[in-house]
Amino acid sequence: MKKIEAVIKPFKLEDVKDALANAGVQGMTVIEVKGFGRQKGHTEIYRGSEYTVDFVPKLKIEIVLPDNAVESAIEAIAAAARTGKIGDGKIFVLPVEQALRIRTGECGDHAV
Amino acid sequence: MKKIEAVIKPFKLEDVKDALANAGVQGMTVIEVKGFGRQKGHTEIYRGSEYTVDFVPKLKIEIVLPDNAVESAIEAIAAAARTGKIGDGKIFVLPVEQALRIRTGECGDHAV
Amino acid sequence: MKKIEAVIKPFKLEDVKDALANAGVQGMTVIEVKGFGRQKGHTEIYRGSEYTVDFVPKLKIEIVLPDNAVESAIEAIAAAARTGKIGDGKIFVLPVEQALRIRTGECGDHAV
Amino acid sequence: MINMRTKLSGFVTIGVMVTALGGLAWAGEALKEPSLEQRVAELEAYVNNGSRLTEVASKIPGPGPGHNAWLMVCAALVLFMTLPGLALFYGGLVRRKNVLSVLAQCLGIAGLVTILWWAVGYSLVFAPVGSILGGFSFAFLNGVDSAANPDYSGWVSQNVFSMYQMMFAIITPALIVGAVAERIKYAAVLMFVGLWMFVVYFPLAHMVWGADGLMNGVWNAHSKIKAIDFAGGTVVHMSSGWSALVLCLIVGKRLGLGKTAMAPHSMVLCMIGTAILWIGWYGFNAGSALAADGIASNAFVTTTLATAIASVTWAAAEWITRGKPSVLGLCSGVVAGLVTVTPACGFVTSSGAVVIGVFAGLMPFLACVKLKAALGYDDALDTFGVHAVGGTLGLILTGFLATAKANPNLATNLGEIVGRTLWLHQLGAMGITIALAVVGSAVIAFLVKFTVGLRPNVEEETVGLDVVDHGEQGYVLE
Amino acid sequence: MINMRTKLSGFVTIGVMVTALGGLAWAGEALKEPSLEQRVAELEAYVNNGSRLTEVASKIPGPGPGHNAWLMVCAALVLFMTLPGLALFYGGLVRRKNVLSVLAQCLGIAGLVTILWWAVGYSLVFAPVGSILGGFSFAFLNGVDSAANPDYSGWVSQNVFSMYQMMFAIITPALIVGAVAERIKYAAVLMFVGLWMFVVYFPLAHMVWGADGLMNGVWNAHSKIKAIDFAGGTVVHMSSGWSALVLCLIVGKRLGLGKTAMAPHSMVLCMIGTAILWIGWYGFNAGSALAADGIASNAFVTTTLATAIASVTWAAAEWITRGKPSVLGLCSGVVAGLVTVTPACGFVTSSGAVVIGVFAGLMPFLACVKLKAALGYDDALDTFGVHAVGGTLGLILTGFLATAKANPNLATNLGEIVGRTLWLHQLGAMGITIALAVVGSAVIAFLVKFTVGLRPNVEEETVGLDVVDHGEQGYVLE
Amino acid sequence: MINMRTKLSGFVTIGVMVTALGGLAWAGEALKEPSLEQRVAELEAYVNNGSRLTEVASKIPGPGPGHNAWLMVCAALVLFMTLPGLALFYGGLVRRKNVLSVLAQCLGIAGLVTILWWAVGYSLVFAPVGSILGGFSFAFLNGVDSAANPDYSGWVSQNVFSMYQMMFAIITPALIVGAVAERIKYAAVLMFVGLWMFVVYFPLAHMVWGADGLMNGVWNAHSKIKAIDFAGGTVVHMSSGWSALVLCLIVGKRLGLGKTAMAPHSMVLCMIGTAILWIGWYGFNAGSALAADGIASNAFVTTTLATAIASVTWAAAEWITRGKPSVLGLCSGVVAGLVTVTPACGFVTSSGAVVIGVFAGLMPFLACVKLKAALGYDDALDTFGVHAVGGTLGLILTGFLATAKANPNLATNLGEIVGRTLWLHQLGAMGITIALAVVGSAVIAFLVKFTVGLRPNVEEETVGLDVVDHGEQGYVLE
Ligand SMILES: Nc1ncnc2c1ncn2[C@@H]1O[C@H](COP(=O)(O)OP(=O)(O)O)[C@@H](O)[C@H]1O
Ligand SMILES: Nc1ncnc2c1ncn2[C@@H]1O[C@H](COP(=O)(O)OP(=O)(O)O)[C@@H](O)[C@H]1O
Ligand SMILES: Nc1ncnc2c1ncn2[C@@H]1O[C@H](COP(=O)(O)OP(=O)(O)O)[C@@H](O)[C@H]1O
């Protein structure tokens, strides 16, 4: 099993979700994160004080899935999340050693 | 070392924390996440507009611990988080290569 | 490639970011988390009710980077985040199998 | 909008007068024109909030502008107490997932009670005749127009008076919801309140404030119980507070109470609500003089002093007993002070108000912090601890502190008992109020329980009432 | 400030009087002293809000305290409706990233309209002479001082009257922004509003409320269209509502509409705003009597009843059609009730108000829920559905329900048509109002579009207007 | 409460009268009955806010309803400014972890000052005799009842007057906390304020507003410094603003200033607070006429114009200098306008107010944006920049713009100097006010520093004052 972690632009979530559903992915977990990278934030001014907010709001999607499903999931995410502008985000793949569905106690590929 | 990532129902946090403490786990990190899976969200209606909120609020617990402690921790979480209803969540185990306690500089199993 | 996950005290973010930039790290993702560990939370009292808030707000920093950059990044984080007081946090290193930049489709070390 | 009414006003006011005096002079039989001296006397009566001339025609038959303006402002202020004052005070204290349910309850009660009040409520409380309940002559606000009703207020339009009183009828049941917050169905709240108005509120309000009410010590010379309650210690606070206790016992505790944290989701909202309650309460207390006269002035002062002192006292008690004064403590003290001075505000001097303020800071503090913990009922937002305890305390203190120095009206029907046995009559009023509230609420609560049901199921209560009962979320902050 | 003005007041008031009566008696030619009987008659005129004596010198030439106090309170209440009432009502309904843009629009409009009103607006609306637009004699508030202007209100300072009216001129364009929220440039809003005041508001306000206005049925005996509009169904709600529709069609839909969720970011703010609107609306409606007299009393009551009933009706409609009554439904009903009763409040009885309340709960509900879905325009916060539909509905219902029983002024110029053909005149006013608003707004919108531009670019709209147009965030909650 | 007081009112008012006139006629020696002409003259005096007859008994010895209603409303409005107005304005500008500490400070100050005011404060400010400080004859509000005190306001109850003035005494020290927000112990705030009232506020208020005050130019013919300050430019804004500067210098900068972001945690709360301040300020400024008369009307207008124009000016300055007008800029402009027009509002015409508005938008803008950056003090929420700068500016502009056209009272004692050397007297008042505030605050601040201590430790400041000092969190949003 692998874990895919994808950082994407927030307004792309719907598209990515749909693309993943089409690719057969049924479950995922989404986290609000702040991204630092090439894409820059904005400046806020409050009376005399100027603050550079140098993070950009992003969403991180985490999916654990069987090895053979990884390729298509990555493609689905990449296609759906791309706008071509800076800040589109990254996809990382990590190894997973074990998985368990709490409700049923199922393990491994069956659990995800 | 391994990292356990468990997605659970928010109101189970207290129980899981206690169970882990009993299993000897002393530290963990908790993140608010949105879950997509079999369990469905709800519908909101604002005047003419209907929105299906199809995520469910969940908590993700992350624990890094020595290899030999993994089994008992998984059992503790699974037991404490189970309600038997859809949406109880998942437990994943990932490999960790290194750990460091910032305060002391300790490394490896001593750091977690 | 490796993924560094560092849990730090929130007010250390600026310092850590700067240290990482000096160490050549250009991108990272930051998540607000709740930490449970040796450092204890606080107590709140509302009329008759007393609540022990036993988590401490922390930030988790996630960086994916080439193997050869890991060492210096860890050192940078550890140095910048240290206050010497309990609760300074942890640094974990996990293996990463693949990385992809969505915008360009670049893979591997070039993507991070 | 814009008017050049000036030229027409003679006409206007005559129109009003005919309606107003209909009961006094038979239509057709005109009253004599007043003399110049009588006209001056009537103008002075306006300034003094004194009685109109009844034996001659009035040249100023409409409402008196200063008093009428004041009561319109006060009516708006009392509505402001509920919307959004109480809604925020309570809404801030619940968990995030239930905040809208509290707002919906306050809004829904405002709507429901308005309809009941318009249809029969006002009549049952303020129409003659009866010592327990009024009649139906004012049903559908029939005949309740811009002329004054001299039984209650000589210089304020009766329709304004009716709205002013309605605002009290709205906030009272809304107070109850604090005790059962986070775990009661919306339909159950509405059904409970609908019945409760008839069984508890309308009779109690008539007995205490109706011109021929059983417990109207100040104005009804024939009242059996010579109790006094300036602005609603019995009718508003005791009735709601004791009913709240009964209802929360029957509804049961919130799921997870004692195990999961149920900290207020926004002390900021709670504080905003508190401040609005304080401001609005001037309409409630000083407005209860039904004129912008010296009695209103006195009530304004006593209200301010008791409230500020109760706030300091409560916070000081926290500081001493636990090391920290809290915003919730300061706010609770404010509300406790306001509640406790309510029955007293028009009858006591500023020194009396200071005494009340100290008691008001201590007793409800003990009730919320010690008594509730000891007895273990789940009065979620302390409606009982603040309103029942504060209201009862205030009623009794009024018995001891009321003085004709503060309010000369006390010298008329009550000259014999003020400063002597008045407190016994207050105890009598206390007994009747508690009995009616407790028995009435218990019966209604069981009725609701076995029809629409009181509680959501466990799943629903866990998810929160906002989504379950209203299909909405309080905040969408991502 | 402390004063011992008592000894000086004779002087004060004479100073005021000279200014005030300048137009009536030539400076230098003193009026005769009044007799005692005349002095008493004038005091009675104050109480009755009747006409002053013009043939003798007045001993009470300044404003009358009860009425003047009332209108100052009402002016503050109407400002309270916009700041923060409407700002929160709208601000809570947008997404988090645009909340400040709504607040900035309300604040900016308040400032801009104040300057225009001071410079020429007040004069164009309330100075003689003209049936479509007033003159320039009051420009820069020249001569508008603390004396009353008997053309409009005999016992209120004209400068207070001018501020009271200004608060209406502020809230009206602020209503429009609801339709185009979340996707219009700040500069575009200000430019649109600046022009719109001259093209739509000032003429319309003069026609309906100006003493010599074309559609001022109540007070202008020579008006062509004998329409009535007590507090602004045409001037405020129809004008803003119909303009909003036009503007939102020209601006276009929000990016992602129908695809991404655009749920209100804070129903709590929205409810606070609603409650403040309700409270403030007493200043709007009852204040439109321009005195604390019986007509104000009546307007207070009709406003309350229609509002509460519309709120219940809207929520009941939701409960029936979708199974859940929502806080937004209760709030929308409140606003719809307030809007719909606005033109009627001073002309109908409490029974009439109940009828209005029921319609006000149903028709705007249908407009917001069914009509908008059917036609597909993006009236983001339902300015059209509530204000245009409610205002138009109210105007027409007023035609049928107005009665001299509620307001004897209707018997003067309109005795022949009230209860008969009045509704035809109302239709006439409706036609002119809609035509002016629609055509005027379309022209201005295109003007703005081709100069400063209406919309931010896609990137900016995605990020949100708060950061883009104001460099700020609504909440920093980490 | 319901009343049939009409029949009793003669009695009531006589009771009041005996108390009220105690000082004029020896008890026992009854005044003569007034003639009909005198009775009419006294009624006219009520309408005009003129002086009562003193040589005969009054038939209307209580407060006058229009004026009394107005001042009760105004007292409530001024309290509304602090609770929750200022609390939200400041609370929104701090970081989330300190929001409750600001609310607690405002609430605690309200309670503390009420107790001091009741005990001796009112007496020290308004009781005779002394040019620097009053006496003790009104201690514990002794003798301060519903009758008017003709030294200050002829037609308003003295107890209402005392509460109205108390609301000023509450908001003034509450303004100071803005400068030291986020880094001062709760106990330190309370101790500082407790002492500051005696050292700075009570003397200053007496000197400026006391009938025999040193700097009461308008009413005290024997005043040494013939300064004028209508609603508190010196007493409220300069005193708090200059004290704030001193205190924030002694307390020191916030930890991490300049390094970590300290953006306002909720501009929405800040805007709500601003709007409430604006509304409440009508009570502050127009209420300072102590009557609903023409001077109040004028103050209402000048306040509105200056405020709106300052808001536009500040935002325009931002737009020009940085490309974006911000909500904080619009709000800051509103407050700056209100502050600056405060000393002037009852003395200048509407044209004067426009001039003040422009200056009020520019000078505090420069002070907050440029001066603070240049000098580097940490006036966290700009109490100095807005209140000291605005108040001082307003005081001086009043010296130039005041005119008897706006307020005929200026012609009595000040006829010689208004329009000529008045500004020199204003400078004198400025000097005394700044000296007293700066020296007094410095001494008290060091006293607090070396007893209870001023600052929390580093750990506590990092965690935030809400949890540390109050054991609560502002929001629990999970
Ligand atoms: N090395 C990294 N490790 C973890 N997250 C990263 C890394 N680099 C970038 N990110 C995440 O990806 C987001 C997009 O990266 P950015 O450099 O802005 O654009 P792009 O991916 O188009 O080059 C960042 O906001 C950050 O959240
Ligand atoms: N493949 C997956 N990868 C990551 N997280 C998942 C995955 N599948 C489910 N989850 C998480 O687990 C939660 C529970 O899953 P769900 O399918 O609703 O119930 P159950 O685990 O009982 O089958 C989801 O809300 C989501 O957060
Ligand atoms: N075993 C663990 N797995 C994951 N996170 C941990 C673990 N132990 C500690 N943490 C995180 O590190 C933070 C700091 O740990 P703590 O024990 O309080 O202090 P210290 O690191 O100085 O010993 C915790 O708040 C928690 O977020």
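Chain letters run A, B, ... following the sequence lines, proteins first, then strands; residues in each count from 1. Model, not experiment: these values are computed from the prediction.
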Need one label for [X]: side chain, backbone, both or neither, based on atoms under 4.5 Å from any heavy atom in chain D.
{"X": "F:Leu43", "answer": "side chain"}
{"X": "F:Asp469", "answer": "backbone"}
{"X": "F:Tyr46", "answer": "side chain"}
{"X": "F:Val113", "answer": "neither"}
{"X": "F:Val99", "answer": "side chain"}
{"X": "F:Leu269", "answer": "side chain"}
{"X": "F:Val47", "answer": "neither"}
{"X": "F:Leu100", "answer": "both"}
{"X": "F:Gln158", "answer": "neither"}
{"X": "F:Ile115", "answer": "side chain"}
{"X": "F:Ala87", "answer": "side chain"}
{"X": "F:Leu190", "answer": "side chain"}

Option in [options] with maximal non-hydrogen atom pairs under 4.5 Å from chain D:
{"options": "F:His470, F:Met163, F:His67, F:Glu472", "result": "F:Glu472"}
{"options": "F:Leu107, F:Val156, F:Thr114", "result": "F:Leu107"}
{"options": "F:Val40, F:Leu71, F:Leu79, F:Val160", "result": "F:Leu79"}

Answer whether the closest heavy-atom distance between the side chains of [X] and [Y] falls below 4.5 Å.
{"X": "D:Tyr282", "Y": "F:Met72", "answer": "no"}
{"X": "D:Val354", "Y": "F:Phe140", "answer": "no"}
{"X": "F:Leu277", "Y": "F:Phe89", "answer": "yes"}
{"X": "D:Thr302", "Y": "D:Asn298", "answer": "yes"}

Compare every heavy atom of [Y] with every heavy atom of [X], then report the nearest pair and how far apart it is.
{"X": "F:Leu141", "Y": "D:Ser350", "answer": "CB-OG, 4.1 Å"}
{"X": "D:Gly50", "Y": "D:Trp155", "answer": "O-NE1, 2.8 Å"}
{"X": "D:Ala263", "Y": "F:Val476", "answer": "CB-CG2, 4.4 Å"}

Considering only heavy atoms and a distance below 4.5 Å, find which of [options] pairs most often with chain F.
{"options": "D:Ser326, D:Ser351, D:Gly213", "value": "D:Ser326"}
{"options": "D:Val312, D:Ile309, D:Val268, D:Thr313", "value": "D:Val268"}
{"options": "D:Gly64, D:Ala406, D:Gly66", "value": "D:Gly66"}
{"options": "D:Arg96, D:Lys405, D:Arg322, D:Lys97", "value": "D:Arg96"}

Next on the checklist: When you measure from the side chain of F:Asn98 to the backbone of F:Val94, do you find a donor-acceptor pair of N or O atoms at a distance under 3.5 Å?
Outcome noted: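 Judged by distance alone, no pair lies under 3.5 Å.
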Next on the checklist: Determine whether a donor-acceptor pair (N or O, by modelled atom type, separation under 3.5 Å) exists between the side chain of D:Asp229 and the backbone of D:Thr234.
Outcome noted: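 Answer holds: yes.
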Next on the checklist: As a quick check of understanding, evaluate side chain to side chain donor-acceptor pair (under 3.5 Å) for F:Asn68 and D:Ser297, giving each step before the final call.
Outcome noted: CA-CA 8 Å; F:Asn68 203 44; D:Ser297 300; 2.9 Å; yes
Checklist entry - Could you state the interatomic distance from CG (F:Leu83) to CD1 (F:Ile170), rounded to the nearest 0.5 Å? => result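 Answer for the CG-CD1 pair, F:Leu83 versus F:Ile170, is 7.5 Å.
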Checklist entry - Would D:Glu318 and D:Lys324 satisfy salt bridge (charged side-chain N to carboxylate O under 4.0 Å, His left out), going step by step from the backbone distance to the final call? => result CA-CA 6 Å; D:Glu318 286 187 331; D:Lys324 287 178 191 176; over 6 Å; no
Taking side chain as everything from C-beta outward and backbone as N, CA, C, O, which of these in [X] sits under 4.5 Å from a heavy atom of chain F? Side chain, backbone, both or neither.
{"X": "D:Ala296", "result": "both"}
{"X": "D:Val327", "result": "both"}
{"X": "D:Pro264", "result": "backbone"}
{"X": "D:Pro65", "result": "neither"}

Checklist entry - Centroid-to-centroid, D:Phe126 to D:His206, below 6.0 Å? => result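 Here the rings of D:His206 and D:Phe126 have centres that are no less than 6.0 Å from each other.
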Item to check | From F:Phe161, F:Phe284, F:Trp281, residue fulfilling ring pair (Phe, Tyr, Trp, His ring centres under 6.0 Å) relative to F:Phe168 | outcome: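 Going through the options one by one, the only one that passes is F:Phe284.
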